[in-house]
There are 2 protein chains.
Amino acid sequence: MGEAGPIRTIGQLAEAGGVGVQTVRYYERRRLLLPTSRLPSGYRLYGAEALQRLRFIRNAQALGFTLREIEGLLNLRVSSAARCDEVQQAAQAKLVTVEAKIRDLEALARVLRTFIRSCRAGRPTEHCPILASLESPTLESNSKSNGGKSKKSNGGRGGKGRAKENQRRHKSGG
Amino acid sequence: MGEAGPIRTIGQLAEAGGVGVQTVRYYERRRLLLPTSRLPSGYRLYGAEALQRLRFIRNAQALGFTLREIEGLLNLRVSSAARCDEVQQAAQAKLVTVEAKIRDLEALARVLRTFIRSCRAGRPTEHCPILASLESPTLESNSKSNGGKSKKSNGGRGGKGRAKENQRRHKSGG
DNA sequence: CTTGACCCTGTACCTTGGTAGAGGGTGTAG
DNA sequence: CTACACCCTCTACCAAGGTACAGGGTCAAG
């Protein structure tokens with residue numbers, strides 16, 4: 001308000017927001033943070049609201065939102081009033097995925113602890129029980145709750161949608 | 001043993017391992033899974049140990065190991081005997097990073113829950129408390145334990161190592 | 001020999017969130 | 001006018017773990 005004025009160049013904005021200049025331009029490419037105006041030379045100028053927006057982006061990122069999701073939140077913010085419940089729902093949805101990820105990781109941690117104990121038990125290490133376990137057809141404790149996005153919306157690779165090269169035809173007893 | 005024999009083409013191996021053909025070739029590029037032999041035509045052939053190795057890779061991935069780490073585990077496996085403690089240490093290290101990630105996510109979940117409650121409290125939604133919070137200079141609860149790799153080993157973007165374009169010089173009260 | 005499924009190599013593309021550099025223009029102090 | 005920090009656009013690159021496609025060769029059945 002009273003120390004440098006609200007109009008900043010990209011370098012000043014980046015500094016104030018704790019990001020790099022390239023990052024600000026990257027956000028612009030992603031249409032998350034447009035410059036308030038431009039000099040005739042093309043220099044970007046940012047007002048105080050741009051810094052607010054930049055902080056919004058960084059904070060939301062710290063909460064685990066992706067830039068795509070943040071774009072949605074910012075659009076909600078533009079259309080003001082009574083949209084608060086949508087924001088709340090977004091936060092709720094994010095919480096659900098975060099909790100799912102926590103559960104996955106805890107299941108993972110349990111398996112790892114089991115493995116570690118199986119070694120600590122003082123067996124002769126000639127046949128490492130961990131390495132042996134890793135060769136089993138499928139690992140026990142597959143309690144993946146899929147708390148995120150799957151890689152390809154394909155969902156399980158046994159489908160018929162294989163494009164050109166993937167599966168064999170019939171030769172099961174050749 | 002009695003149904004198809006241990007020698008397989010890449011398609012059969014991929015099928016048995018639950019991955020795509022391209023993925024097997026990708027593992028080969030990464031030197032994780034070499035074909036047992038080749039036909040004169042260049043066709044890859046895989047023995048039973050290749051399937052074991054493929055399962056090893058997939059299981060270790062499911063435990064959160066990266067392909068790079070798996071490469072290390074596989075090399076340990078080659079040099080047998082008395083290396084079990086190295087495997088155990090790898091598992092232990094992985095457990096530490098998994099636990100750190102869990103802590104981060106739990107901190108995140110707490111913030112999200114706080115936000116969600118701040119809305120549920122029945123305030124007039126005209127000024128959404130979540131969106132307002134997201135505009136604060138820095139979010140509270142920055143207890144990141146950094147239990148993984150940082151993006152760039154840069155560690156804080158206020159350093160002097162900015163290559164060519166990033167920071168302003170002196171103009172703070174211009 | 002033809003067909004069709006399968007295989008080969010090589011290369012490009014995908015996602016996410018940026019970084020890095022080339023090549024050149026601008027703002028301003030001295 | 002010179003210098004220099006800063007800015008511009010555009011393009012390429014990074015990790016990680018694949019996926020996809022082009023263009024062509026092979027295997028086995030019919």
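Hydrogens, waters and symmetry mates play no part in the numbers below; they use all other heavy atoms, side chains included.
Closest to the A:V21 side chain, of the nucleotides D:dG17, C:dG18, D:dC7, is D:dC7. Out of D:dG18, C:dG18, D:dG17, the shortest distance to the side chain of B:R30 is found at D:dG17.
Open room surrounds CZ on B:R68; 12 or fewer heavy atoms of other groups in view lie less than 6.0 Å from it. For A:R31, the CZ atom is loosely surrounded, since the number of other residues' heavy atoms within 6.0 Å does not exceed 12.
Between A:E15 and A:R8 there is no salt bridge, since no side-chain nitrogen of the basic residue lies less than 4.0 Å from a carboxylate oxygen of the acidic one. The pair B:E99-A:R113 meets the salt-bridge criterion, since a charged nitrogen lies less than 4.0 angstrom from a carboxylate oxygen. Note on B:R38 versus B:E28: salt bridge recorded, some NZ/NE/NH1/NH2 to OD/OE distance being below 4.0 Å.
We find that CD of A:E71 is positioned 11 Å from P of C:dG17, with the value rounded to whole Å. Here the C1' atom of nucleotide D:dT26 and the CD1 atom of B:I10 are 15 Å apart, to the nearest Å. For B:E28 and C:dC7, the CD to C1' distance is 13 Å, given to the nearest whole Å. Separating the OH atom of A:Y26 from the C1' atom of D:dT9 is a distance of 18 Å, rounded to the nearest angstrom. Between the CG atom of B:L33 and the P atom of D:dG18 there is a distance of 12 Å, given to the nearest Å. A straight line from CZ of A:R68 to C1' of C:dG17 spans 12 Å, rounded to a whole angstrom. At whole-Å resolution of the value, CZ in B:R38 and P in C:dT9 are 5 Å apart. For the pair A:Q12 CD and D:dA5 P, the computed distance is 16 Å after rounding to whole Å.
Regarding contacts with the backbone of C:dG18, a side-chain N or O of A:R58 is found under 4.0 angstrom from either OP1 or OP2. In this model, the phosphate group of D:dC21 is not approached by any side-chain N or O of B:Q22 to a distance below 4.0 Å at OP1 or OP2. For the pair B:T9 and C:dC7, the criterion of a side-chain N or O lying under 4.0 Å from OP1 or OP2 is met.
You'll find the side chain of B:K94 stays beyond 4.5 Å of the side chain of B:L63, heavy atoms only.
Of the residues in residues 39-55 of chain A, those placing a heavy atom less than 4.0 Å from an atom of DNA chain D are A:G42, A:Y43, A:R44, in numerical order.
Among the heavy atoms of the strands lying under 4.0 Å from B:R29 is at least one base atom, whether or not backbone atoms are also near.
Residues B:V24 and B:L13 share a closest heavy-atom pair of CG1-CD2, 4.0 Å.
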